Enquirer: 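The structure under discussion is supplied below as structure tokens; questions concerning it will follow.
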Protein chains: 2
Amino acid sequence: MSKNQLIDYVQNFVSLEDDEAEQFVSAFEEVKVKKRQFIVQPNFTNRHRSFVVKGAFRSYAIANDGQEHTLQFAIENWWISDFNSYIYQHPATLFIVALEDSTILQIEYNTEQELKKANHKFETFFRIMAEKGLAFEHRRILFNLTHSAEARYESFLSNFPNFVQRVPQYALASYLGMTTEYLSRIRNNRTDKS
Amino acid sequence: MSKNQLIDYVQNFVSLEDDEAEQFVSAFEEVKVKKRQFIVQPNFTNRHRSFVVKGAFRSYAIANDGQEHTLQFAIENWWISDFNSYIYQHPATLFIVALEDSTILQIEYNTEQELKKANHKFETFFRIMAEKGLAFEHRRILFNLTHSAEARYESFLSNFPNFVQRVPQYALASYLGMTTEYLSRIRNNRTDKS
DNA sequence: TTTATTTCTTGAACTACTTCATATTTATTG
DNA sequence: CAATAAATATGAAGTAGTTCAAGAAATAAA
């Protein structure tokens with residue numbers, strides 16, 4: 001059952017008794033999402049935080065010039081939301097779309113608040129999630145500031161080899177801050193060299 | 001007394017009884033730091049999280065080509081650390097330096113862990129800090145992906161007018177992902193227009 | 001209050017990356 | 001398994017931002 005997957009995940013960060021684990025996962029609802037289906041759209045408040053059981057997602061914004069810019073990817077055992085929309089419960093600016101047929105576990109904003117209030121361990125869990133997320137984004141910002149387009153791609157390749165096959169090139173390019181044409185050139189030069 | 005400033009800050013996010021507030025701030029130590037003094041350096045583990053009572057700081061990395069890249073600024077009522085070093089307690093990659101003579105309140109890593117264990121409210125406080133930090137960095141990444149150098153500078157100006165006067169141009173340029181020469185040109189073209 | 005050091009400015013040449021246009025390959029659908 | 005759409009590739013021209021060098025201005029030190 002998919003909820004065991006979430007329990008296993010949570011147990012990596014806080015150790016829960018059986019009844020606590022049960023209480024935690026029963027706050028989530030399983031949802032199936034088809035490829036190309038949106039779970040978040042601009043102007044609608046993002047009311048849920050989603051844990052990916054199976055499948056892949058991408059969050060992105062559309063800039064004034066019409067170009068898409070990817071903020072996050074998520075595959076199995078990652079979380080996805082428009083985090084600004086979710087935590088402040090104000091309208092989203094991002095799209096979140098399924099890249100594959102997927103299964104997610106969703107928790108609603110108010111339910112999450114109650115969980116955190118009910119049990120110190122749950123509060124700790126969400127604190128650790130946020131801290132790890134923040135540390136990750138610090139590394140990302142710094143890497144983006146300090147490295148060329150090619151180095152950013154190489155780094156993504158070695159850090160997230162399992163994402164690369166499942167993510168369209170144009171989406172990866174926009175995550176890494178370059179055009180899909182330029183990433184195409186990097187990839188082809190690269191394979192030529194080896 | 002400077003610890004009241006921290007209490008006021010914390011009360012914005014969680015409401016503490018007098019004895020709780022006292023317990024919280026007594027975990028911190030006041031430290032004076034002179035301009036150009038470092039509080040964090042690469043290879044040494046960042047053992048403290050620092051709350052700026054008065055003054056200004058900058059965290060930055062030095063890339064392979066020798067160039068400095070700024071990750072964060074902090075003035076009064078902001079926090080600063082090499083967050084990756086602090087939460088994982090492994091060696092820092094960043095420098096953190098005082099831009100002015102400053103006063104900070106520092107909490108040691110283990111003391112923070114005990115605080116969070118001791119009181120659910122303290123755990124909530126650090127959870128909220130991390131969530132707000134993460135939401136902030138998401139906005140930053142997206143803005144960097146979607147806007148030109150000039151637009152990034154204009155946005156910083158309007159979002160953080162009080163930082164601009166206190167931060168050297170080369171540091172701001174490296175925060176915004178451009179050279180100091182280019183920022184100089186943006187600034188001068190700008191004043192010409194108006 | 002001169003001297004040294006750090007920061008900012010400006011010009012000119014350069015380059016990493018983009019844009020646009022079109023062809024090719026790969027995936028999706030009836 | 002055609003037919004259509006979506007994603008990737010490639011050339012050629014363009015540009016946003018960099019680099020280097022040298023001078024001017026501001027800040028700190030003596």
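Just so it is clear: chains get the letters A, B, ... in the order the sequence lines come, proteins before strands, and each one is counted from 1. Just so it is clear, the structure is predicted and the values come from calculations on it, not from any experiment.
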Enquirer: Nearest whole Å is fine: how far is C:dT29 C1' from A:Lys34 NZ?
Expert: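 It works out to 14 Å between those atoms.
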Enquirer: Measure centre to centre between the rings of A:Trp79 and A:Tyr86, then say whether the value is under 6.0 Å.
Expert: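 When the ring centroids of A:Trp79 and A:Tyr86 are compared, they turn out to be at least 6.0 Å apart.
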Enquirer: Please name all residues satisfying side chain to side chain donor-acceptor pair (under 3.5 Å) with A:Thr180, sequence neighbours left out, ordered by chain then number.
Expert: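 By the side chain to side chain donor-acceptor pair (under 3.5 Å) rule, A:Thr180 matches A:Gln169.
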Enquirer: Give a yes or no on whether the backbone of A:Thr93 and the side-chain of A:Asp82 come within a donor-acceptor separation of less than 3.5 Å.
Expert: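 Yes.
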Enquirer: Give a yes or no answer on whether the side chain of A:Glu131 reaches the backbone of B:Ala130 with a donor-acceptor pair at less than 3.5 Å.
Expert: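 Judged by distance alone, no pair lies under 3.5 Å.
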Enquirer: Under the salt bridge (Lys or Arg N to Asp or Glu O under 4.0 Å) rule, collect the residues that match up with A:Arg139, sequence neighbours excluded.
Expert: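 Expected list: none.
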Enquirer: For nucleotides 17-30 of chain D, give me one character per nucleotide, 5' to 3': B if any protein heavy atom sits under 4.0 Å from the base, S if the only such contacts are to the sugar-phosphate, - if neither.
Expert: BBBB-------S--
Enquirer: The side chain of B:Gln169 lies closest to which of these nucleotides: C:dC8, C:dT10, D:dA9?
Expert: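 It is C:dC8.
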Enquirer: Send over the distance from A:Gln165 CD to C:dT26 P, rounded to a whole Å.
Expert: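 It is 17 Å, rounded to the nearest whole Å.
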Enquirer: To the nearest Å, give me how far apart OH (A:Tyr153) and P (C:dC17) are.
Expert: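 That distance rounds to 15 Å.
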Enquirer: Once the angle between the rings of A:Phe125 and A:Phe13 is folded into 0 to 90°, is it parallel (under 30°), tilted (30 to 60°) or perpendicular (over 60°)?
Expert: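 The rings of A:Phe125 and A:Phe13 sit tilted, inter-plane angle from 30° to 60°.
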Enquirer: How close or far is atom P of C:dT28 from atom CG of A:Leu99, stated in whole angstroms?
Expert: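 For the pair A:Leu99 CG and C:dT28 P, the rounded distance is 12 Å.
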Enquirer: Grab the CG-P distance between B:Asn189 and C:dT9 for me, whole Å please.
Expert: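 Interatomic distance, CG of B:Asn189 to P of C:dT9: 11 Å.
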Enquirer: Starting at atom CZ of A:Arg187, determine the distance to atom P of D:dT10, rounded to an integer number of angstrom.
Expert: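 Distance check: A:Arg187 CZ to D:dT10 P gives 13 Å.
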